[in-house]
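As a basis for the values below, the full set of heavy atoms in this structure was taken, side chains included, without hydrogen atoms, waters or symmetry mates. Along the sequence shown, the residues carry numbers beginning at 1.
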Amino acid sequence: MMFRSRLGRGLAAGAAAGLLLLGTACGGTTRGDADGAGEQKGGGKADPDAKIPEGLKISYLPKQLNNPYFTYANSGGEEAVEELKGEYKEVGPSEATASSQVSYINTLSQQGSDVIVIAANDPNAVCSALGQAQQAGAKIVTYDSDADPECRDIFINQASAKGIAETQIKLIADQIGGKGEIAFLSATPNATNQNTWLELMEKELEKDEYKDIEVVDTVYGNDDDQKSFQEMQGLLQSHPDLKGVVSPTTVGVAAAARYLSDSEYKGDVKLTGLGTPNQMREYVDNGTVESFALWDPKDLSYLAAHVGASLQAGRITGAEGEEFTAGRLGDYEVGAEGEVVLGPPTVFDAKNIDEYDF
């Protein structure tokens, strides 16, 4: 996929390296090992040469099922689990509410999941259930949206939060000529990734180069297409001088683009954010959207499976500085507070959007 070439040289190890992850358990911490169950991240000593046991139960719990972003993303997880000769499962709520994932975590723990990969709807609401799953022997990997670091082992970050914030502000600033009123259309009020990006975008706007840009509102579409559509409509009605909108959510930015494309504001009010090329292509083609950004969510989910398997085998513990190989994505290093960064975002526009298909 063309997207991979944009993620940086550090991720470019060959797919053959992924074969090293296959085999039987040896010298690592696995679900049946009572000494390893429930260890805090960084606990114990990693064995980089430990082999990944076959048959690991790796379960995915997205923010909600039937969300196009997660449907595409988790296909990468399924790919990785197949490579690892494990058992793949995906479960989740129909609505992305704060506590909607708790019952699924409990069920996965009771069913003996070795790895639970979760995009948390709320950093704290899921924490108690995740802690119990850890005590039962599961390794907890968060992706897309983090939980409290105390109740997971490793967080797979799409890109650095700072990089995402800087990219989105630069895009909207360029599009509105560096001055005017803007607003944010976010997902859920408690989503950790969204709130982090919003905070950092506000901070980025404090730079002197953005002194003529003013944030006049922040609204939430709850990652629901119709609500996001309505919130975009409301923003334009409430702020007649609005020059641009940043929507750092794939559902929100597509719904906002749909509203703009059939409105009197098309071409006058600029829109950017985080979206998939297939969702946004028609709006780039018809002039509603100039440019937007994203990572490859399929790779995000793929990386999460390899991290979970490496944790369960004892190749890594989640301690800062540990290194590991993640199949076709190559080599990675665990950062501070158990964070692994996939890579930098890519900007899509009319010049390159047709090179991508996701």
Side chain to side chain donor-acceptor pair (under 3.5 Å) partners for [X], two or more places apart:
X      : result
Ser160 : none
Gln168 : none
Asn106 : none
Lys89  : Gln111

Do [X] and [Y] belong together in a cluster built from hydrophobic side chains that touch within less than 4.5 Å?
X      : Y      : result
Leu205 : Ile172 : yes
Val81  : Leu65  : no
Tyr72  : Met280 : yes

Return the minimal non-hydrogen interatomic distance between [X] and [Y], and the atom names on each side.
X      : Y      : answer
Val117 : Ala304 : CG1-CB, 3.7 Å
Tyr332 : Val341 : CE2-O, 3.4 Å
Leu342 : Asp296 : CD2-O, 3.8 Å
Ala309 : Ile52  : O-CD1, 3.4 Å
Asp349 : Ser291 : CB-CB, 4.0 Å

With sequence neighbours excluded, what pairs up with [X] under the side chain to side chain contact (heavy atoms under 4.5 Å, CB included) test?
X      : value
Asp217 : Ala183, Val219, Leu235, His239
Ser186 : Gln194, Leu198, Tyr220
Tyr259 : Phe229, Met232, Gln233, Leu236, Ser263, Tyr265

Please verify the inter-ring angle class for Phe358 with Tyr356; under 30° counts as parallel, over 60° as perpendicular, anything in between as tilted.
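Answer is perpendicular, since the angle exceeds 60°.
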Under the salt bridge (charged side-chain N to carboxylate O under 4.0 Å, His left out) rule, collect the residues that match up with Glu78, sequence neighbours excluded.
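If we apply the salt bridge (charged side-chain N to carboxylate O under 4.0 Å, His left out) test to Glu78, skipping adjacent residues, there are no hits.
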If you take the centroid of each ring, where Trp contributes its six-membered ring, are Tyr60 and Phe70 closer together than 6.0 Å?
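That pair fails the under 6.0 Å test.
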Under a plain distance cut-off of 3.5 Å, with no hydrogens placed, do Ser145 and Thr192 share a side-chain donor-acceptor pair?
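Yes, Ser145 and Thr192 have a side-chain donor paired with an acceptor closer than 3.5 Å.
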Indicate every side-chain donor-acceptor pair of residues 120-131 with a distance under 3.5 Å to a residue at least two apart or in another chain.
| from | atom 1 | to | atom 2 | distance (Å) |
| --- | --- | --- | --- | --- |
| Asn121 | ND2 | Lys63 | O | 3.0 |
| Asn121 | ND2 | Thr97 | O | 3.4 |
| Asp122 | OD1 | Asn124 | N | 2.9 |
| Asp122 | OD1 | Ala125 | N | 2.8 |

I'd like to know if the side chain of [X] and the backbone of [Y] have a donor-acceptor N/O pair within less than 3.5 Å.
X      : Y      : value
Glu322 : Thr317 : yes
Asn352 : Val347 : yes
Glu202 : Glu199 : no

Among Thr276, Asn286, Asp354, which residue meets the side-chain hydrogen bond (donor to acceptor under 3.5 Å, both in side chains) test with Arg281?
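One option only clears the test, and that one is Asp354.
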So which pairs with a foot in residues 188-306 pass disulfide (SG to SG under 2.5 Å), sequence neighbours left out?
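Not a single pair qualifies under disulfide (SG to SG under 2.5 Å).
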Keeping to residues at least two apart or across chains, list the disulfide (SG to SG under 2.5 Å) pairs with something in residues 208-323.
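Listed once each, the pairs would be none.
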Using the salt bridge (Lys or Arg N to Asp or Glu O under 4.0 Å) rule, collect all pairs that involve residues 218-237, keeping only residues at least two apart or in two chains.
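Every salt bridge (Lys or Arg N to Asp or Glu O under 4.0 Å) pair that includes a residue of residues 218-237, provided the two are not neighbours, is Asp225-Arg258, Lys227-Glu231.
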Looking at NZ of Lys57 and OG of Ser113, how far apart are the two atoms once the value is rounded to the nearest 0.5 Å?
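It comes to 7.0 Å.
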